[in-house]
Amino acid sequence: MLALLGLVGGLALLGRGLRAYRRAGRVAGIATSRIATLAAGEVRLAGVVEVDVLALVSPLQSVPCVYYRSRIREGSGDDARTVFDEERAVGFRLHDASGTLRVLPGGARWEAPLRFDAATDWTGGDPPGLNVNPGAAHRPAEQDREAQIAALLTVRPPADLPGEGLDGGSSLFASSLGAGGLGGSRRRDYEERRLEPGDTVTVLGSALPFGDLEAPVGTGPGDPASALDDPEVAMNLAEAREAGILRATPEEAWGNAAIPGFGIGRPTRVPELDPGASVPGLADGEAAAAAEARFAIPAGELVVAATTEHPLAILAGTPGEARGREEARALLGLAGAALAIVSAVILALTLPGLLR
Amino acid sequence: MSPLAAAAFFAVALVVVIVAFLAMVTYNAVVALRNRIDKAWGNVEVALRQRHDQLPALVDAVRDLMAFEQDVLVEVTRQRARYAADAPVAAQGPVSAATTSAVRALFAVVERYPEVRSQENVLRLQGEIERLEGQLADRRELYNDQVFRFNTTIAQVPAVVLAGLLGWEARPFFDAGANAEGAPDVSLDAHGVGPVR
């Protein structure tokens, strides 16, 4: 039985190692370009992460970041189950000594450092460092001063808490954990990988004008837009349109969230609110223009994104560090091959005895 | 087949699979490296061509205003004329370096003529050529880095085995070369520009 496990585990390690070998070759095979004089095509860039328009707020530690993968496992042994598993990313700017550039991470392979790895103590108490995000999953890169003051001065009655402020991923987070939230006596393991502003990263991908992107939203299998090619999905969409279920405009579909500046600064027009809610101040001419242009990227601006020829990889650390990690995995893969061979021999020696 | 023979067959098959995989990945990596060199060279050529196209405009703009510095202008024109887009990389390096030196000498002399520097079109052309020189320097660095990766890869195991079989050869760097023929004297003294005091 142990030999069989060794055989399967060794082959799995080998497969992982061979993939890592190929990735290490890609990291090593591309010279680092400087952002200021970047030419279109496959590129490798190294620089520091800067928030572009929006930053994410990580669910477990409430830290501003551009990427996170958070996981909570409950119980131990065979009884263990994942109660929360969420991965999110936003576009960011990469900064090197020569300039900055937008990175659109749709379809990217991320490799982020493990920033939080802790478990409840024996009494079931929360581990130090756990600071669950009670608010929105996004926040603006530069918060409007007036909006910050207003947020500080706003008193939120406890009765409003369950429905208020828990939007985006955090509401999913809250619901996935159940009504009890993070309480309870079972052991919980927390894990959060993040890339934060100021982190050094290596980006491998395709540099191209934004206007040339075929699917700027993302090209990964998890991207909802990729399902539109499916004939069945297309048929369902057509039926939904006929039935009037599909909304025609972003305003109809998203309500206040379609108003530029709403929720991330000052809205450009009056949102529709409950009668008792306080109406936020509207953005003036300059702020409104900035809010309208916040997500607009000029068609000719060079961005780095995934294309069908060149997949996008965003790896923590310098190119040398990223390559070193992949090479270590490749070596582990060779060890896996040796393990598989030894296990196969042991299996061959013991199998006749077992069959008798 | 006995179980032990099956295990031996499995071990050999696994090793063959690993070797075949390494050979395939290495071959693809070297082909990708070669294509990246070609692309990097293409980008260098674009910058060289743009500089080649811009230089006459700069020379024309300053010719009348710098009547006593014709030798600098002639040098820029001479080096520009040596550019040949279809020349091999090894030959283009010294020509490009000499052109850069001549342009720098011209800029150094222009600094002595306030009336020339105040001309808007001269400033614009100077800015554009400086931008192209910066771009050229970065792209040359990228090209050389790519060539270095290719040359190193085909000299190392496992690619060296395939290099022998497939005839892969080291690519030339794009640099000034040991003998930069025609390189002008760019020292400030040569053009009467003394040190700043």
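Predicted model, so just to flag it, every value in this text is computed and none were measured. Lettering of chains follows the sequences in order, A, B, ..., and the numbering in each one begins at 1.
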> Do any pairs count as a side-chain hydrogen bond (donor to acceptor under 3.5 Å, both in side chains) and have a residue in residues 142-151 of chain B, sequence neighbours left out, and if so which ones?
Replying inline: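 The answer is B/Asp145-B/Arg149.
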> Under the side-chain hydrogen bond (donor to acceptor under 3.5 Å, both in side chains) rule, what pairs show up with a residue in residues 8-34 of chain B, not counting sequence neighbours?
Replying inline: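 Passing the test, one end in residues 8-34 of chain B: no pairs.
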>> According to salt bridge (charged side-chain N to carboxylate O under 4.0 Å, His left out), does anything in residues 297-320 of chain A pair up with another residue at least two apart or in another chain? List the pairs.
In response: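 Output for this query lists A/Arg102-A/Glu301.
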> Counting a contact as any heavy-atom pair under 4.5 Å apart, which residues of residues 36-46 of chain A contact chain B?
Replying inline: A/Thr37, A/Leu38, A/Ala39, A/Ala40, A/Gly41, A/Glu42, A/Arg44
>> For the backbone of A/Gly317 and the side chain of A/Thr202, can you confirm whether one donor and one acceptor N or O come within less than 3.5 Å of each other?
In response: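 At least one qualifying donor-acceptor pair exists.
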> How about B/Leu165: does its CG atom have over 12 heavy atoms from other parts shown lying under 6.0 Å from it?
Replying inline: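 Yes - once you tally the heavy atoms of other residues, nucleotides and ligands closer than 6.0 Å, there are more than 12.
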> In Å, rounded to the nearest 0.5 Å, how long is the span from CG of A/Leu312 to CG of A/Leu204?
Replying inline: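 If we round to the nearest 0.5 Å, A/Leu312:CG and A/Leu204:CG are 8.5 Å apart.
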>> Once you measure the plane-to-plane angle for B/Phe174 and B/Trp41, does it fall in the parallel (<30°), tilted (30-60°) or perpendicular (>60°) bin?
In response: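 Aromatic pair B/Phe174/B/Trp41 classed perpendicular.
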> Where does A/Arg22 contact chain B at under 4.5 Å (heavy atoms): side chain, backbone, both or neither?
Replying inline: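 For A/Arg22, backbone and side chain are both near chain B.
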>> Using heavy-atom distances under 4.5 Å, tell me whether B/Leu14 contacts chain A through its side chain, its backbone, both, or neither.
In response: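 Looking at B/Leu14, just its side chain touches chain A.
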>> Is B/Ala11 in contact with chain A via its backbone, its side chain, both, or neither, using a 4.5 Å heavy-atom distance?
In response: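 The answer is both parts of B/Ala11.
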>> Heavy-atom pairs under 4.5 Å with chain A - which of B/Thr152, B/Thr153, B/Ile18 has more of them than the others?
In response: B/Ile18
> Cut-off 3.5 Å, side chains only: do A/Glu50 and A/Thr100 have a donor facing an acceptor?
Replying inline: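 No, no side-chain donor-acceptor contact under 3.5 Å.
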